[in-house]
Amino acid sequence: LRASTKDQDANRAKTTICDFAENLKIKVSAWFVENESGAKLKRPELFRLLELADSGDAILIEQVDRITRLSENDWKKLKHIIVSNNIKIISMDLPTSHGMTESTDEFQKRVLEAVNSMMLDVLAATARKDYTDRRRRQAEGIKKAQKQKKYKGRPENKELQSKIERILTDGK
């Protein structure tokens with residue numbers, strides 16, 4: 001379970017995922033909750049999950065953007081770790097990922113794994129595009145508001161500035 005900031009509720013999707021797991025007849029063995037940006041590769045709970053997961057385990061997520069909004073290179077690194085440890089990603093928004101859990105036919109499983117891998121990459125790229133588009137639109141809005149003198153940015157922190165000046169004056 002992931003949310004981007006401390007102000008957001010990372011546990012929001014827990015009931016939905018529980019219901020999803022029950023429908024797939026999958027047992028949730030542990031919960032990993034973090035409030036970190038999906039655009040950062042350095043995510044302590046995600047990597048704790050990857051350390052503890054056994055080969056053949058699955059990461060169950062609501063949407064692919066809950067596990068990644070990473071750049072292409074960082075996504076490739078994360079995906080390599082997941083694949084090399086034989087961990088599956090099962091996402092509610094990726095039907096091929098939960099179709100694999102129901103198949104017993106070896107050929108069908110291999111085809112679904114290939115399709116799932118490609119679709120996972122597409123959804124990871126889409127999640128990243130959404131992230132960068134949102135940040136671009138936000139920057140455009142701020143720039144417009146600044147021109148109209150409606151946006152002044154973060155308020156000045158005189159106490160912090162004073163502390164920094166004292167540290168610099170002390171030669172630190």
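In this structure, CG on Leu112 lies 10.0 Å from OG on Ser97, to the nearest 0.5 angstrom. Rounding to the nearest 0.5 angstrom, the gap separating the CE atom in Met92 from the OG1 atom in Thr16 is 5.5 Å. The CG atom of Asn85 sits 8.0 Å away from the OG atom of Ser55 when rounded to the nearest 0.5 Å. Put simply, CG on Asp65 and CZ on Arg2 are 6.5 Å apart, with the number rounded to the nearest 0.5 Å. Rounding to the nearest 0.5 Å places CD1 of Ile61 at 9.5 Å from CD1 of Ile90. Taking CG of Leu46 as the reference point, atom CD of Glu51 lies at 10.5 Å (rounded to 0.5 Å).
For the pair Asp54 (side chain) and Asp57 (backbone), a donor-acceptor distance under 3.5 Å is absent. When atom types are taken as modelled, the side chain of Asn11 and the backbone of Lys14 share no donor-acceptor pair closer than 3.5 angstrom. For Asp170 (side chain) and Lys172 (main-chain N/O), no donor-acceptor pair under 3.5 Å exists by modelled atom type. Judged by distance alone, with hydrogens and angles left aside, the side-chain atoms of Gln8 form a donor-acceptor pair with the main-chain N or O of Ser4 at under 3.5 Å. Between the side chain of Thr132 and the main chain of Arg128, a donor-acceptor pair closer than 3.5 Å is present.
Taking Asp130 as the reference, Arg69, Arg134 meet the salt bridge (charged side-chain N to carboxylate O under 4.0 Å, His left out) condition, with sequence neighbours excluded. Taking Lys129 as the reference, Asp133 meet the side-chain hydrogen bond (donor to acceptor under 3.5 Å, both in side chains) condition, with sequence neighbours excluded. Residues that satisfy the side-chain hydrogen bond (donor to acceptor under 3.5 Å, both in side chains) test with Lys77, not counting sequence neighbours, are absent from this structure. In this structure Arg110 satisfies the salt bridge (charged side-chain N to carboxylate O under 4.0 Å, His left out) test with no other residue, sequence neighbours excluded. Remark: Glu165 pairs with no residue by the salt bridge (charged side-chain N to carboxylate O under 4.0 Å, His left out) rule, at least two apart or across chains. Lys40 meets the side-chain hydrogen bond (donor to acceptor under 3.5 Å, both in side chains) test with Glu36; sequence neighbours excluded. Listed by chain and number, the residues in a side-chain hydrogen bond (donor to acceptor under 3.5 Å, both in side chains) with Ser117 are Lys79 (sequence neighbours excluded). Judged as a salt bridge (charged side-chain N to carboxylate O under 4.0 Å, His left out), and not counting sequence neighbours, Arg66 has no contacts.
Ion pairing of Arg43 with Glu34 is present here, as a side-chain N (NZ or NE/NH1/NH2) and a carboxylate O approach within less than 4.0 Å.
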**OP:** Begin with the C-alpha distance, continue with both residues' side-chain angles, and end with the deciding distance and a verdict on side chain to side chain contact (heavy atoms under 4.5 Å, CB included) for Ile17 and Leu1.
**Re:** CA-CA 9 Å; Ile17 290 176; Leu1 301 167; 3.6 Å; yes

Original post:
Lys109 and Glu113: salt bridge (Lys or Arg N to Asp or Glu O under 4.0 Å), yes or no, with the steps?
Top reply: CA-CA 6 Å; Lys109 270 189 168 181; Glu113 283 178 16; over 6 Å; no

**OP:** Could you give me the CA-CA distance, side-chain angles and deciding distance for Glu45 and Arg48, then say whether salt bridge (Lys or Arg N to Asp or Glu O under 4.0 Å) is met?
**Re:** CA-CA 5 Å; Glu45 279 299 290; Arg48 190 169 76 85; 3.0 Å; yes

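The cluster map of Ile, Leu, Val, Met, Phe, Trp and Tyr, joined by side-chain heavy atoms under 4.5 Å apart, puts Val64 and Met118 in the same cluster. By the rule that hydrophobic residues join a cluster once side-chain heavy atoms approach within less than 4.5 Å of another member, Leu123 and Ile81 end up as members of one cluster. The cluster map of Ile, Leu, Val, Met, Phe, Trp and Tyr, joined by side-chain heavy atoms under 4.5 Å apart, puts Ile67 and Val122 in different clusters. Using a 4.5 Å cut-off between side-chain heavy atoms of Ile, Leu, Val, Met, Phe, Trp and Tyr, with links allowed through other members, Leu52 and Ile82 fall into the same hydrophobic cluster.
More than 12 heavy atoms of other residues, nucleotides or ligands sit less than 6.0 Å from atom CD of Gln63.
For residues 37-85, there are no ring pair (Phe, Tyr, Trp, His ring centres under 6.0 Å) pairs, not counting sequence neighbours. Within the structure, ring pair (Phe, Tyr, Trp, His ring centres under 6.0 Å) contacts touching residues 18-45 (residues at least two apart or in different chains) are Phe20-His98.
Lys88 and Asn86 share a side-chain donor-acceptor pair at under 3.5 Å. Donor-acceptor pairing under 3.5 Å is recorded for the side chains of Ser91 and Asp93.
Clustering of Ile, Leu, Val, Met, Phe, Trp and Tyr by side-chain heavy atoms under 4.5 Å joins Ile167 with none of the others.
Scanning both residues, Asn157 and Leu160, for their nearest heavy atoms gives OD1-N, 2.9 Å. Considering all non-hydrogen atoms of both residues, Asn35 and Ala10 come closest at OD1-CB, 3.8 Å.
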Could you list the donor-acceptor pairs under 3.5 angstrom formed by side chains in residues 135-149, with sequence neighbours left out?
{"from": "Arg135", "atom 1": "NH1", "to": "Tyr131", "atom 2": "OH", "distance (Å)": "3.4"}
{"from": "Arg136", "atom 1": "NH1", "to": "Glu140", "atom 2": "OE2", "distance (Å)": "3.3"}

